[in-house]
Structure formats: structure tokens, C-alpha cells
Amino acid sequence: MVRIAIGSDHAGFRLKERLREFLKEGHQVVDFGTESEEPTDYPDIAFKVAERVSSGEFDRGILICGTGIGMCIAANKVKGIRAALCWDERTAELSRKHNDSNILCLGGRILSEEEAKRIVEKWLSSEFEGGRHLRRVRKIVEYEQSR
Ligand code: RB5
């Protein structure tokens with residue numbers, strides 16, 4: 001069972017609701033908002049989720065906005081976060097295998113519910129490969145820690 005923090009802005013709200021219900025079967029999911037389609041600012045939700053993944057309270061995070069781009073930019077400002085914008089199963093798989101991504105960003109206005117579910121399943125079931133990829137990820141971590 002994976003502990004997952006999930007969040008969205010208004011543009012990702014509907015997809016977030018669907019994914020939260022989907023993920024409840026088999027995972028521990030906590031929803032950090034937003035609660036409706038009323039306009040909200042994606043960085044507020046991105047930082048809430050990213051900080052909880054960064055602290056170790058959750059294993060992974062899922063963030064959804066219109067494109068996934070704003071969430072990804074904001075989440076990657078939080079130390080220890082490797083947020084990946086994924087648009088198909090292949091990018092989801094490689095973001096885990098090569099980048100050890102710990103937050104998945106999705107576009108609520110880009111993906112269908114079925115596409116998003118397939119991406120999430122692939123992302124959750126893929127493992128980091130380590131090896132030469134670990135060396136590269138370590139360089140990112142070292143850079144971050146030296147600031
Ligand atoms: C909101 O209109 C939209 O800008 C936001 O959801 C997101 O796509 C930003 O990156």
C-alpha cells in the first residue's frame with residue numbers, strides 16, 4: 001500500500017475526484033483540495049502536497065491542474081521533490097525508472113479519465129532502476145542541498 005497525497009486546482013478538480021476514488025481501492029489516499037470548481041491558485045495546493053511528500057509523511061504525490069505544468073513547476077521548488085509531468089504510460093514509467101519521480105503531475109484539461117487512470121497505475125507500479133540513473137539523480141540532490 002502506497003501513502004498518496006493528492007491535490008488539484010479547479011481545472012483538475014473533476015479528475016482529482018475520480019482518481020481519489022479509484023486509488024482508494026488498495027492505497028491510502030489523502031486529499032489536499034481543492035474542494036470545488038471555484039477558481040483557486042495551483043501553487044497553494046502544489047506546496048501543500050509537495051511539502052508532505054518531502055517530509056516523508058506520504059510516499060508519493062499526485063497533482064492535477066489544467067495542463068499539469070503549473071503544478072509541476074511549483075512542486076519542483078520544494079526540496080526533495082522530483083515532480084514529473086506525464087502524458088502517457090511511457091512517460092509515467094520512465095519518470096519512475098530513470099528519474100525516481102515522487103510526484104506525478106497530470107493535465108485535467110488534456111487527459112481523459114481513462115488515460116489518467118492508466119498513467120497513474122503505470123506510475124505506481126514502476127520502480128526506480130538505480131545504477132547510472134542514481135548517479136544522475138544524486139547530482140540533482142547534491143545541487144539542491146548545496147544551495
Ligand atoms: C487554470 O486556468 C490553469 O492555468 C491551471 O490549471 C494550470 O493549467 C496552470 O498550469
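The figures here come from the full heavy-atom set of this structure, side chains too, leaving out hydrogens, waters and symmetry mates. Order of listing sets the numbers, starting from 1, for every ligand and every atom in it.
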Identify the protein heavy atom lying closest to atom 10 (O) of ligand 1, giving its residue, its atom name and the separation to 0.1 Å. Gly70 N, 2.9 Å

Residues Asp44 and Lys48 bridged, charged N to O under 4.0 Å: no

Give me the nearest non-hydrogen protein atom to atom 2 (O) of ligand 1 as residue plus atom name, then the distance to 0.1 Å. Arg109 NH1, 3.2 Å

Do Glu21 and Lys24 meet the salt-bridge criterion of a basic N to acidic O distance under 4.0 Å? yes

Protein residue, atom and distance nearest to atom 9 (C) of ligand 1, heavy-atom basis: Tyr42 CE2, 3.6 Å

Atom 6 (O) of ligand 1: any protein heavy atom closer than 4.0 Å: yes

Is the contact between His10 and ligand 1 made by the side chain, the backbone, both, or neither, using heavy atoms and a 4.0 Å cut-off? side chain

Is Asp9 touching ligand 1 with its side chain, its backbone, both, or neither, if touching means heavy atoms under 4.0 Å apart? side chain

Are Phe47 and Phe32 close enough that their ring centres sit under 6.0 Å apart? no

Where ligand 1 meets Ala11 - atom numbers and elements under 4.0 angstrom, heavy-atom basis: 6 (O)

Can you tell whether the side chains of Glu17 and Arg20 come within less than 4.0 Å, N to carboxylate O? yes

If the plane angle is over 60° it's perpendicular, under 30° parallel, otherwise tilted; pick one for His98 and His133. parallel

If the cut-off is 4.0 Å to any non-hydrogen atom of Gly66, which atoms of ligand 1 fall inside it? 5 (C), 6 (O), 7 (C), 8 (O)

Pairing of Lys117 and Glu113 as salt bridge, 4.0 angstrom limit: yes

